[in-house]
Amino acid sequence: MGRYVKVIVKNNSQYTDNLFTYKVPEFLQDEICLGHRVLVPFGKGNKPIEAYVFKIMHNNDEGVDTKDIYDILDERPTLKREDLELIHWMKNRYLCTYMDCINLIIPKGYKLNNYKLITLHPSLKGIEPYELYDLSEQLSENKKFVLQKVLDNKGKIKLDKLVDKRIEYSAQVAEDEEIYQVKDKKTLKRKVADNLNSLLYKMKEESLIDLKWEYKSIKNEIKICYVSLKMNYVDMMFYIKENKIRLGDKQKQVLEFLKNNDDVEINDLVDLLKASKSTINSLKEKNLIEFKYEDFYRKTKSNFNYQNKEVVLNEEQNYAIEKITSEMFDEEKKPYMIHGVTGSGKTEVYMEVIDYALKQGLDSIVLVPEISLTPQTIARFKNRFKDIVGVFHSRLSEGEKHDVLREIKKGNIRILIGARSAIFAPFNSLGVVIVDEFHESSYKSDKNPKFSTLEVGRYLVNKRNITLVLGSATPSVEEYYRAKTGEYELIELKKRANNKPLPKIEVVDMKEELKCGNRSFLSNKLRLQIEEEIKNNNQVILFLNRRGYSSFVSCRECGYVFKCKNCDISLTYHKKQNIGKCHYCGYEEVIPQKCPECESKYVKAFGLGTEKIEEEIKQIFEGVRVLRLDKDTTSQKHELENILNKFQNREADILIGTQMISKGLDFNHVTLVGILSADMMLNFPDFKSFENTFQLVTQVSGRAGRSEKEGKVILQTYDSESSVIKRIVDYDFEGFYEDEIKIRKLFNYTPFNNMLSVVISGKNELLVKKNITNLYNNIVYLLTERGIQDFDFILGPNPCSISKINSNYRWQILFKDDNIEINLLKGIIKYICITKKDIVFDKDVNISIDINPNSIL
DNA sequence: CTCCTACTCTGA
DNA sequence: CAGAGTAGGAGG
């Protein structure tokens with residue numbers, strides 16, 4: 001009676017995303033647990049690969065052939081039972097693979113490196129060199145080459161290395177041979193490895209070589225070594241004499257030093273006494289000192305100076321805190337939505353809730369949108385909770401991520417601030433998840449699994465009874481609808497914490513400005529206002545949602561527009577480098593003086609970007625100190641902190657920025673915010689563009705008047721009559737919501753429906769078209785079979801709005817589940833796009849499935 | 001992705 | 001006919 005396990009194997013192939021059954025050998029039977037990372041032989045070559053235990057069984061019901069697992073890789077299971085449930089749920093909800101989900105949850109940096117090793121065949125091991133030489137002379141060129149290389153490397157060589165040598169060799173021998181001219185190094189290596197492999201198997205059959213897999217388990221950890229004496233100093237002197245141990249001067253020095261100091265870090269010891277590591281090591285061998293290893297926690301240091309503020313909570317805040325904390329242990333609680341105007345002190349409420357949870361022994365996660373994961377936010381939490389605060393986001397290195405997750409598991413980190421994937425942090429007793437600015441689009445993942453953080457949060461409330469708090473000044477329409485219909489507990493914070501009114505928003509109609517002959521991007525009003533504020537020694541923020549110098553470059557003679565070679569996107573002009581940049585794939589090209597089409601000289605950059613604003617502001621206001629905050633100025637590490645520090649220390653008067661400045665920034669002396677063009681966002685061809693505009697403008701406006709001084713906002717637009725603009729000016733979120741929800745209802749958008757998008761992309765446009773048509777036909781066929789005749793809910797296939805990204809052509813089919821059960825639709829799509837993927841689709845196309853995508857571009 | 005089998009192509 | 005190379009299917 002043996003034991004069997006079902007595992008998910010960590011393979012790079014999408015076609016092995018099933019549970020595989022393995023037998024557990026006798027010696028592992030008592031140790032194996034759910035969620036263990038194990039090593040299993042996989043495929044015909046029994047390559048050792050990592051796998052995760054999803055199920056343990058006492059018999060092999062299905063009667064499939066099984067192999068034995070090789071080993072258990074970690075002492076403790078990497079995945080908990082509830083993680084496995086979460087993975088199942090996510091896989092079904094977002095139609096992705098098990099491995100996609102596992103990769104989100106497990107600590108980064110646990111890797112298995114495996115490589116194929118080629119050795120001489122055992123029968124040739126003792127053979128005389130001359131015999132071997134004769135033998136190899138009879139072989140074909142290729143085989144001789146392999147054998148030669150094996151011998152050169154003392155009888156064993158890694159496949160990888162052999163492939164390299166082979167490419168090197170071929171390049172020398174046959175320079176003009178086509179295959180070795182392939183530019184793409186990876187493809188070349190693939191091909192050579194493939195060829196070599198089939199050769200190697202033949203050689204194995206001929207008893208020339210032996211093949212085996214070797215592997216190495218890697219844990220991306222750094223240990224610190226502490227040195228102390230093994231016994232007390234006097235005893236040791238005696239011991240040395242007794243055993244006649246000879247010591248060098250340096251060694252004596254080290255011992256002397258350790259007499260008064262315990263647990264000295266080995267590197268300090270080396271530095272202080274100018275001793276070498278071998279000196280210390282030999283002392284250890286003589287059994288006089290001992291080493292103690294401890295995990296090293298790679299923390300990123302922040303240079304941001306936090307300015308502490310005295311905080312007194314107001315009535316509204318106290319009510320919110322009381323409400324949330326008093327229900328923390330209720331079984332049937334709802335998620336909370338805090339709708340609080342900008343500056344209403346939501347963060348203070350979060351911190352009180354976290355503090356309460358902490359005292360009850362519960363851990364907390366604070367999620368913030370990636371762009372507002374600013375030093376300011378982090379400093380605020382660290383200032384209050386000190387060392388138990390951890391930070392987790394995509395810019396950390398693999399090693400840093402690993403360390404943070406390890407410290408969480410150990411219980412050293414109790415509060416984690418991070419971007420969306422931090423919601424999967426492996427806390428031992430998670431109590432609170434806070435999602436700040438939950439309306440932000442970055443809470444929806446854009447890579448597999450394409451999860452919505454809020455959905456995962458709601459799942460956690462259901463399954464693990466955590467306290468979920470969503471906070472925003474500008475809730476998204478669909479989540480606000482949930483609050484209205486009773487799915488969330490709605491808590492309103494209507495007053496600013498400093499009791500100052502919200503900054504007044506004034507609209508300037510740029511059409512009028514144009515009529516009066518002002519052709520610049522600055523209205524007279526805004527220009528005068530800026531002058532005034534600077535005169536009064538206040539600070540100004542200018543907001544424009546586009547980086548670069550100009551949005552596109554075109555020829556005025558023939559209308560030619562410079563476009564990205566790889567994408568269907570016009571190039572944004574960056575003046576400093578005189579290049580056109582593609583903001584999708586990073587492609588750059590120098591913009592020539594002459595039009596490449598008609599050779600005219602009238603090549604001009606059109607539209608506005610932050611770079612141009614900066615340049616012109618410096619001209620208009622002489623001597624004014626300007627800072628620019630966008631992706632271009634913050635590409636280097638710590639640049640963001642530097643800019644924020646400078647602005648905080650009032651080393652600049654004007655801060656120009658993209659949406660990076662809209663969140664979480666809290667400056668005391670900003671009295672004026674200028675929104676240079678609200679239209680850019682308003683006219684975006686997406687059903688969420690009104691919502692996005694409302695949110696962004698409200699958020700940016702909220703940067704003004706956060707301290708003693710009152711703030712003011714000037715909003716420039718060509719469309720001053722727009723209903724959205726009017727709602728923004730009145731801070732009328734309710735009104736905006738009512739307008740918007742009617743539209744959503746009318747067109748059956750979220751929250752009234754789920755939307756499912758399938759995008760097929762590939763380098764070959766015809767192939768993409770063929771595949772998407774095929775997909776459409778298959779779906780229609782299967783739906784007809786289930787008695788569905790009305791296909792109005794299917795839109796497409798159509799080319800995506802951005803029809804080409806990174807040389808990949810993109811076509812899309814959209815589904816709205818008006819008159820069809822979402823699970824039926826998902827079932828069918830899953831069947832076609834995942835289960836039967838290899839039959840339905842060509843190999844050279846990618847399929848991307850997204851439930852309720854952020855945008856349908 | 002990786003292996004393996006079965007097949008075709010090439011050149012003496 | 002041997003050796004080189006390719007295509008396609010399956011992985012417990």
Side-chain angles (χ1 to χ4, degrees), chain A residues 2-25 28 32 38-57 59-71 97-100 102-103 111-118 136-147 158-160 162-163 166 169-170 173-174 177-180 182 186-206 208-215 835-844 846:
Chain A
R3 278 190 180 214
Y4 295 85
V5 285
K6 286 206 168 193
V7 300
I8 291 299
V9 291
K10 185 174 180 162
N11 204 5
N12 288 330
S13 159
Q14 295 164 305
Y15 304 116
T16 54
D17 190 53
N18 307 315
L19 287 162
F20 288 93
T21 312
Y22 282 84
K23 192 166 180 292
V24 185
L28 294 174
I32 195 102
V38 293
L39 190 70
V40 297
F42 193 69
K44 293 189 179 151
N46 286 333
K47 178 183 175 184
I49 60 177
E50 279 172 89
Y52 293 88
V53 178
F54 269 63
K55 208 174 165 186
I56 297 180
M57 302 173 302
N59 44 35
N60 180 6
D61 293 345
E62 293 142 40
V64 285
D65 289 344
T66 56
K67 295 175 183 174
D68 278 14
I69 66 173
Y70 285 143
D71 208 352
T97 65
Y98 282 104
M99 274 322 294
D100 287 333
I102 293 172
N103 284 332
K111 274 186 242 168
L112 191 90
N113 276 2
N114 44 19
Y115 41 87
K116 201 188 254 176
L117 201 67
I118 302 143
S136 81
E137 277 307 298
Q138 298 160 26
L139 297 171
S140 67
E141 250 345 89
N142 281 345
K143 290 180 181 174
K144 209 159 98 184
F145 175 83
V146 171
L147 211 53
K158 288 180 194 169
L159 178 63
D160 230 32
L162 192 65
V163 170
R166 173 75 229 208
Y169 172 76
S170 307
V173 174
E177 227 181 288
E178 200 187 333
I179 155 172
Y180 300 110
V182 185
K186 253 189 177 167
T187 334
L188 173 65
K189 212 166 167 174
R190 270 252 69 72
K191 206 160 181 174
V192 175
D194 255 19
N195 287 349
L196 260 176
N197 244 337
S198 64
L199 180 76
L200 290 173
Y201 281 96
K202 275 171 202 156
M203 290 177 71
K204 191 184 170 184
E205 255 168 48
E206 292 161 10
L208 291 169
I209 55 164
D210 209 13
L211 296 172
K212 64 174 176 186
W213 283 96
E214 297 235 313
Y215 62 90
T835 318
K836 297 287 168 195
K837 185 178 173 186
D838 39 343
I839 302 171
V840 180
F841 299 101
D842 284 304
K843 264 190 173 170
D844 298 333
N846 299 317

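Each chain gets a letter, A, B and so on, in the order the sequences are listed, and its residues count up from 1. Please read all numbers here as calculations on a predicted model, not as lab measurements.
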Item checked: Test side-chain contact (heavy atoms from CB on, under 4.5 Å) applied to A:Val38 and A:Asp71, step by step -> CA-CA 6 Å; A:Val38 293; A:Asp71 208 352; over 6 Å; no
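Contacts of A:Thr21 classified as side-chain hydrogen bond (donor to acceptor under 3.5 Å, both in side chains), with partners at least two apart in sequence or in another chain: none. Legend: residues meeting side-chain contact (heavy atoms from CB on, under 4.5 Å) with A:Lys10, ordered by chain and number and at least two apart, are A:Glu50, A:Met99, A:Asn103. Not a single side-chain hydrogen bond (donor to acceptor under 3.5 Å, both in side chains) links A:Asp17 to another residue, sequence neighbours left out. Remark: A:Lys23 pairs with A:Tyr4, A:Thr66, A:Asp68 by the side-chain contact (heavy atoms from CB on, under 4.5 Å) rule, at least two apart or across chains. Under the side-chain contact (heavy atoms from CB on, under 4.5 Å) criterion, A:Ser198 pairs with no residue at all, not counting sequence neighbours. Partners of A:Tyr201 under the side-chain hydrogen bond (donor to acceptor under 3.5 Å, both in side chains) rule, at least two apart in sequence or in another chain, are A:Lys116.
Straight-line distance from the CE atom of A:Met203 to the P atom of C:dA2: 18 Å, rounded to whole Å. Taking atom NZ on A:Lys143 and atom C1' on C:dG5, their separation rounds to 13 Å, with Å as the unit.
First and last contacts of DNA chain B with chain A, using any nucleotide atom under 4.0 Å from a protein heavy atom and ordered 5' to 3', fall at B:dC1 to B:dC4.
Nucleic acid contact class of A:Asn18 (heavy atoms, under 4.0 Å, all strands): none.
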Item checked: Sequence-aligned protein contact record of nucleotides 6-12 of chain C, with B where the base is within under 4.0 Å of a protein heavy atom and S where only the sugar-phosphate is -> S--B-BB
Would you tabulate the side-chain donor-acceptor contacts of residues 39-47 of chain A under 3.5 Å, counting partners in other chains and residues two or more places apart, or write 'none'?
unit_1, atom_1, unit_2, atom_2, d
A:Asn46, OD1, A:Lys67, NZ, 2.5

